[in-house]
Amino acid sequence: MSTCDFMCLNGDIVPYGEAKIHAFSAVVKYGLGVFEGLRAYWNAEHQQLYIFRLSEHLERLRYGMKVMRYERIFDAPFLEDCLLRTLRANAIRENAHIRMIAYIDGDDELTVTGPVGLVIGVVKRGPGKFLQSGVRVAVSSWQRIADNALPPRVKSTANYVNNRAAELTARLDGYDGALMLSADGKLSEGTGACVFLVRGGQLITPDGASDILESITRDTVMQAARTVHGLVVQERRVDRTELLAAEEAFLCGSGQEVVPIVSVDRIAVGDGQPGPVTRLIQDHYFRLVGGEIADHPAWRTPVWPGQ
Ligand SMILES: Cc1ncc(COP(=O)(O)O)c(C=O)c1O
């Protein structure tokens with residue numbers, strides 16, 4: 001995987017190889033990190049790089065730090081400034097994926113709450129491999145973490161042991177990815193993305209009580225579906241077998257963007273091809289994030305000044 005030349009460590013821009021933390025820090029010992037994965041999109045016409053929905057990502061990062069009882073919660077202007085300096089230091093003028101991690105740096109024991117560290121990196125990244133073909137997923141035997149065990153709403157690094165187990169198992173079994181069920185057997189989400197069904201022309205997605213990450217892309221898709229495409233959107237509990245009654249299904253997330261699901265457990269979703277509603281949503285999403293559509297200007301933070 002290609003990496004960046006420079007990272008941001010605790011507010012300083014440092015060469016990639018120097019972005020180091022102590023091997024006995026609490027983030028290593030206990031997985032005490034919260035993170036965000038964001039995308040930035042290059043608009044050639046505007047000669048501008050736009051970070052998509054930056055303020056929502058920063059708020060979720062700050063929420064995670066609060067839930068995890070960090071002794072210091074970085075303010076949004078500081079986080080934004082560190083991120084902008086990281087992108088500029090790396091001269092990013094193409095589509096990229098950003099990772100910001102706020103972590104407990106202290107080497108004390110389990111209840112340690114600080115010092116709090118911050119690391120930011122960026123990777124140049126083009127379109128995902130499955131955007132056109134769609135993915136063949138399995139319903140995992142690994143249950144999605146429950147809200148009274150580990151907080152699914154928080155992008156806690158420790159949570160991802162669960163996602164990793166599901167994703168790795170699915171891939172080793174010959175699938176492209178996994179969907180996870182909640183502890184009560186209802187559809188929750190993918191391993192790095194939320195899930196939508198299209199049924200009777202309406203969009204259906206597991207609700208906030210289905211142990212999902214409250215995905216920013218899910219919100220973007222729901223807003224566009226309602227206001228631009230005139231679709232009814234239902235947020236509710238979803239049964240596993242309802243997936244197979246759907247005409248279409250897709251995954252969505254900042255990293256994965258909008259990816260059709262073409263089969264579940266080797267049973268075709270609809271006719272086994274990416275469907276028209278998914279394509280409509282996908283197409284609109286890419287035009288929106290890249291600034292081809294002028295709606296929601298506040299969702300696109302320009303990186304390069306004076307352009
Ligand atoms: C577990 C999980 N669910 C959902 C998502 C999608 O969230 P968002 O759209 O905010 O990136 C992600 C991606 O970050 C994720 O890791």
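First listed ligand is number 1; within each ligand, the first listed atom is number 1. Only a predicted model underlies this, so the values are computations on that prediction, with no experimental measurement involved. Numbers here are sequence positions counted from 1. Note that these values count all heavy atoms, side chains included, but never hydrogens, waters or copies made by symmetry.
- Regarding atom 12 (C) of ligand 1, its nearest protein heavy-atom neighbour is Gly192 O, 3.3 Å.
- Annotation: cation-pi pair Arg62/Tyr70 absent, no NZ/CZ under 6.0 Å from the ring centroid and within 45° of its normal.
- In terms of polar-atom proximity, defined here as any N/O pair under 3.5 Å, Arg60 does make such a contact with ligand 1.
- Listed by atom number, the atoms of ligand 1 under 4.0 Å from Glu189 heavy atoms are 1 (C), 2 (C), 3 (N), 4 (C).
- Under the 3.5 Å distance criterion, with hydrogens and angles disregarded, a donor-acceptor pair is assigned to the side chains of Glu248 and Thr278.
- Considering backbone and side-chain atoms alike, Thr191 places every N or O at 3.5 Å or more from each N or O of ligand 1.
- Atoms CD and CG, on Glu109 and Asp107 in that order, are 8.5 Å from each other to the nearest 0.5 Å.
- In the model, Ser210 has a side-chain atom that pairs as donor or acceptor with a side-chain atom of Arg237 under 3.5 Å.
- Only the backbone of Ala193 comes within 4.0 Å of ligand 1, counting heavy atoms alone; no side-chain atom from C-beta on gets that close.
- At the shortest separation from atom 16 (O) of ligand 1 among protein heavy atoms lies Tyr160 OH, 2.5 Å.
- Closest protein heavy atom to atom 14 (O) of ligand 1: Lys155 NZ, 2.6 Å.
- Of the protein's non-hydrogen atoms, the one nearest atom 11 (O) of ligand 1 is Ser254 OG, 2.6 Å.
- The N/O atoms of Ile216, backbone and side chain alike, include one that comes under 3.5 Å of an N/O atom in ligand 1.
- Asp239 and Thr241 are not linked by any side-chain donor-acceptor pair at a separation below 3.5 angstrom, with hydrogens and angles left out of the test.
- Remark: among candidates Cys194, Ser215, Gly190, the nearest residue to atom 8 (P) of ligand 1 is Ser215, based on non-hydrogen atoms.
- Residue Asn163 has at least one heavy-atom neighbour below 4.0 Å for each of these atoms of ligand 1: 1 (C).
- Taking the six-membered ring for Trp and the full ring otherwise, the centers of Phe35 and Tyr103 sit at least 6.0 Å from each other.
- On a distance-only criterion, Thr217 and ligand 1 share at least one N/O pair closer than 3.5 Å.
- Aromatic ring centres of Phe250 and Phe196: separated by under 6.0 Å.
- In this structure, Arg53 forms a cation-pi arrangement with Trp299, its terminal cationic atom sitting closer than 6.0 Å to the ring centre and no more than 45° off the ring axis.
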